[in-house]
Amino acid sequence: GEKVEQHESTLSVREGDSAVINCTYTDTASSYFPWYKQEAGKGLHFVIDIRSNVDRKQSQRLIVLLDKKAKRFSLHITATQPEDSAIYFCAASTGFYGGSGNKLIFGTGTLLSVKP
Amino acid sequence: NSKVIQTPRYLVKGQGQKAKMRCIPEKGHPVVFWYQQNKNNEFKFLINFQNQEVLQQIDMTEKRFSAECPSNSPCSLEIQSSEAGDSALYLCASSLNSVYEQYFGPGTRLTVL
C-alpha cells in the first residue's frame, strides 16, 4: 500500500540555524502534502501544506519544497527558535477524487530539538 | 489554533470492555476523520464521515470498531471489545471539505490493561 517515509527520526540544530526534514512517498497519485507539529501530550497542529500543482510554498519561516519526479518533499524551518522544538510529521494524500477520501498517510515523525 | 474538542482525554479499560470516545468538529466542518497513533508514532486511518455519511473505513473499523456522526450530536468512536493492541492515541480531525487541511483535536489516550 501507499507509504510515506520520514528520513530523519531526530534532528538537533542551534537556535538561528535552519532545519530541514525530508520525506518520500510511494503513491504517484498523491497530490496533497501537509505538515503537522506535535508537542508533548498534545494533538497535531497544522503548520503548512503544499499541493502538487506547485513545487514551492512559503509561510513566514516555513518553506515546503515538492519534487514530484523524485516523489520527495521537504520542510525547511529557517531562523529556528527554541519554541520550534517538537515532533514534526509529514503526510500525503491522493485527495478525495483519488479514491481514498483524502485520508492522510503519515510519516513516523522527526523530533526536532533547537538548542539555545 | 484547532477548535476540535475530544473527550475524554484519557480512558482506561480492561480487555474485553467497551471504550467510547467523542469528538466535536470545528463549527462548519462537515468532514470528520478518525486516526489511531500508536506509541511508535505510526498512524492508522480508521474512518471518515461527511456529515452523517461514512466516506471510507478500513477493515479493522468494520469489525470491532463502530463510529457515527449523528446530526446535532458529537461524533463518536467505540471499540466494542478492547484489546491490548488498541492502546493508542485516538485523534479526531475535521475539515471544511475533503480536499482541505484537516485540523486535529488533542486526542483521547486509550490504555487497555
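Basis for what follows: all heavy atoms, side chains included, without hydrogens, waters or symmetry-related copies. Proteins come first, then strands; the chains are lettered A, B, ... in the order of their sequence lines, and each starts at number 1.
With rounding to the nearest 0.5 Å, the separation of CD1 in B/I47 from NZ in A/K103 is 12.5 Å. Taking CG of A/L104 as the start and OH of B/Y35 as the end, the distance is 3.5 Å to the nearest 0.5 Å. Going from atom CG of B/L91 over to atom CZ of A/F106 covers 7.5 Å, rounded to the nearest 0.5 Å.
The neighbour count for A/K68 NZ, taken as heavy atoms of other residues, nucleotides or ligands under 6.0 Å away, is above 12. Atom CD of A/E83 has more than 12 heavy atoms from other residues, nucleotides or ligands within 6.0 Å.
Cluster annotation: A/L111 and A/V47 are assigned to distinct hydrophobic clusters (Ile/Leu/Val/Met/Phe/Trp/Tyr, side-chain heavy-atom contacts under 4.5 Å, transitive). B/Y90 is connected to B/V31 through a chain of hydrophobic side-chain contacts under 4.5 Å among Ile, Leu, Val, Met, Phe, Trp and Tyr, so both are in one cluster. By the criterion of side-chain heavy atoms lying less than 4.5 angstrom apart, applied directly or through intervening Ile, Leu, Val, Met, Phe, Trp or Tyr residues, A/Y32 is not grouped with A/V54; the two fall into different hydrophobic clusters. Hydrophobic clustering, with ILVMFWY side chains joined whenever heavy atoms are under 4.5 angstrom apart, keeps A/V4 apart from B/L46.
When side chains are defined from C-beta on, A/F89 counts as touching B/N41, because their heavy atoms get closer than 4.5 Å. Side chains of B/L89 and A/Q38 form a contact here, defined as non-hydrogen atoms less than 4.5 Å apart.
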In residues 10-27 of chain B, what donor-acceptor pairs under 3.5 Å come from side-chain atoms, sequence neighbours left out?
unit_1 : atom_1 : unit_2 : atom_2 : d
B/Q17  : OE1    : B/G14  : N      : 2.6
B/E26  : OE2    : B/K3   : N      : 3.2

Distance-only check: which donor-acceptor pairs under 3.5 Å involve side-chain atoms of residues 103-113 of chain B, not counting sequence neighbours?
unit_1 : atom_1 : unit_2 : atom_2 : d
B/Y103 : OH     : B/E101 : OE2    : 3.1
B/T108 : OG1    : B/P8   : O      : 2.6

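Annotation: side-chain contact (heavy atoms from CB on, under 4.5 Å) contacts of A/L65 (sequence neighbours excluded): A/R56, A/I63, A/S74, A/H76.
At a heavy-atom cut-off of under 4.5 Å, chain B is reached by no residue from residues 10-22 of chain A.
Contacts between B/Q6 and chain A at a heavy-atom distance below 4.5 Å are absent for every atom of the residue.
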